[in-house]
Amino acid sequence: MFPLTVVGRDKKIPKAAVVIIVINLLIFLWELSVDAKGDGFLKEALQNYGLEVCKIGEQSLAATGLDAFRSMFLHASAAHALGNMWFLFLFGGLVERYLGSLKFLLAYLGFGAVATLAHIAFGNTECTVTDTGVVIGASGAIAGVMGAFLVLRPQAKVKTMLGFFRPFVWSVNVPAFLFLGYWLLMDVLQQVGWIGVETDVAHWAHIGGFLAGLVFMFFAGLFKPLPKPDPLEHLAE
């Protein structure tokens, strides 16, 4: 299931989300330039600038925090980077419009921090001489944005691609609570090993970030009314 668009999505440009996307893509271009230097250069760079879970405690808390911050802007592949940025673009606009650009940026960083802590606490990283548990990617922070979106518009329709079985694509409109609930469920099931194969995906970061977004937006709604559903949003498809 891959989201193509959110029906009735606000067409205004989410400034903070776009800035985050641009920064991530520029950093990924830098990664490509490092990778072009030869084998091992990119791996070394990611170890130097990313968060190595197995080395937590060997350096100052400030240095660890800086590594965790930088890790949120590093990606392992083009699919990793572009997929993350697409999800942020689709689901970040409404959350930013509700919070405002500055608060959205702070919330995004906060979701990323909680996601990192969840991975550190529950990720069961196996430390070896050659593997120090480097964790990178914006997925945890974006999962928080998705959790916040779920609270704001659970009934929103997400146009979802299910396959390439028709002349172009086969798609269906799925309520946000089903799409995002399915996304979270898959992460939980993969984390416990019930489906899929062993990968380097930090599922606990996704789960922790998503739950952080849910909780944050629930409490935010106590201070600022949540937007009411638009009964005519289906006309914007």
Side-chain angles (χ1 to χ4, degrees), residues 1-21 24 82-112 114-115 138-164 166 168-190 203 205-237:
M1 294 176 64
F2 187 82
L4 299 175
T5 189
V6 176
V7 176
R9 180 174 56 85
D10 189 353
K11 300 304 186 290
K12 294 181 180 179
I13 298 176
K15 297 178 181 178
V18 168
V19 168
I20 294 170
I21 290 171
N24 274 273
L82 295 177
N84 275 346
M85 296 307 102
W86 181 247
F87 272 72
L88 176 58
F89 178 74
L90 285 186
F91 297 107
L94 178 69
V95 180
E96 180 175 339
R97 185 176 65 173
Y98 174 81
L99 294 175
S101 296
L102 179 58
K103 291 180 181 178
F104 173 82
L105 176 59
L106 295 175
Y108 177 88
L109 296 175
F111 299 153
V114 173
S139 305
I142 295 171
V145 173
M146 294 162 66
F149 183 96
L150 178 58
V151 175
L152 286 173
R153 284 184 64 190
Q155 299 294 338
K157 298 297 188 295
V158 180
K159 190 172 185 179
T160 304
M161 182 176 68
L162 299 179
F164 294 93
R166 295 184 180 183
F168 298 104
V169 296
W170 179 27
S171 62
V172 62
N173 288 345
V174 179
F177 72 89
L178 286 180
F179 178 88
L180 296 174
Y182 171 84
W183 183 90
L184 179 63
L185 178 62
M186 290 300 100
D187 255 305
V188 172
L189 294 180
Q190 290 177 64
H203 295 295
H206 296 173
I207 297 168
F210 194 94
L211 295 179
L214 281 175
V215 173
F216 172 81
M217 194 54 66
F218 171 79
F219 283 103
L222 299 179
F223 299 94
K224 180 181 178 181
L226 300 177
K228 296 181 179 180
D230 181 1
L232 301 178
E233 69 178 9
H234 64 283
L235 299 177
E237 184 178 3

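Position 1 is the first residue of the sequence; numbering continues from there. Remember, it's a predicted structure, so these values are computed and weren't measured experimentally.
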Is there a side-chain contact between N24 and N84 in this structure, where contact means two heavy atoms from C-beta onward sitting under 4.5 Å apart?
no
So, do L99 and F216 sit near enough that their side-chain heavy atoms are less than 4.5 Å apart?
yes
Value for CG (L214) from CG (L150), rounded to nearest 0.5 Å, stands at 5.5 Å
Is the shortest side-chain heavy-atom distance between V95 and L152 below 4.5 Å?
yes
Give, for atom CG of L102 and atom CG of L106, the distance between the pair rounded to the nearest 0.5 Å.
4.5 Å
Value for CG (L226) from CZ (F218), rounded to nearest 0.5 Å, stands at 9.5 Å
Suppose we screen for side chain to side chain contact (heavy atoms under 4.5 Å, CB included). Which residues come up paired with V215, at least two apart in sequence or across chains?
F219
Taking the side chain as every heavy atom from C-beta outward, state whether V174 and K157 have any pair of such atoms under 4.5 Å apart.
no
Evaluation steps, side-chain contact (heavy atoms from CB on, under 4.5 Å), between L88 and I20:
CA-CA 9 Å; L88 176 58; I20 294 170; 3.7 Å; yes
F223: side chain to side chain contact (heavy atoms under 4.5 Å, CB included) partners, not counting sequence neighbours
none
Looking at every heavy atom in both A115 and A205, which two are closest together, and how far apart are they?
CB-O, 3.1 Å
Just wondering, do W86 and L90 contact through their side chains at under 4.5 Å, heavy atoms?
yes
Enumerate, atom names and distances included, each donor-acceptor pair closer than 3.5 Å involving a side-chain atom of residues 1-8, sequence neighbours excluded.
none

Hey, mind stepping through I142 and F91 against side-chain contact (heavy atoms from CB on, under 4.5 Å) and telling me if it holds?
CA-CA 9 Å; I142 295 171; F91 297 107; over 6 Å; no
Supply the atom-to-atom distance F149 CZ to F210 CZ, rounded to the nearest 0.5 angstrom.
11.0 Å
Output a table of donor-acceptor pairs, distance under 3.5 Å, between side-chain atoms of residues 177-187 and any protein atom two or more places apart or on a different chain; print 'none' if there are none.
unit_1, atom_1, unit_2, atom_2, d
D187, OD1, H203, ND1, 2.5
D187, OD1, H206, ND1, 3.1
D187, OD2, H206, ND1, 3.1

For G93 versus P14, what's the shortest heavy-atom pair and its separation?
CA-CB, 3.8 Å
Just jot down the ring-ring contact (aromatic ring centres under 6.0 Å, His included) partners of F104, sequence neighbours excluded, or say none.
none
Report the residues that fulfil ring-ring contact (aromatic ring centres under 6.0 Å, His included) with Y108, sequence neighbours left out, ordered by chain and then residue number.
none
Indicate the atoms forming the closest heavy-atom contact of V18 with I13, along with that distance.
CG2-CG2, 3.5 Å
Give a yes or no on this: more than 12 heavy atoms of other residues, nucleotides or ligands lie within 6.0 Å of atom NZ of K12.
no
Applied to residues 91-105, the side-chain hydrogen bond (donor to acceptor under 3.5 Å, both in side chains) test, sequence neighbours excluded, yields D10-R97, E96-S101
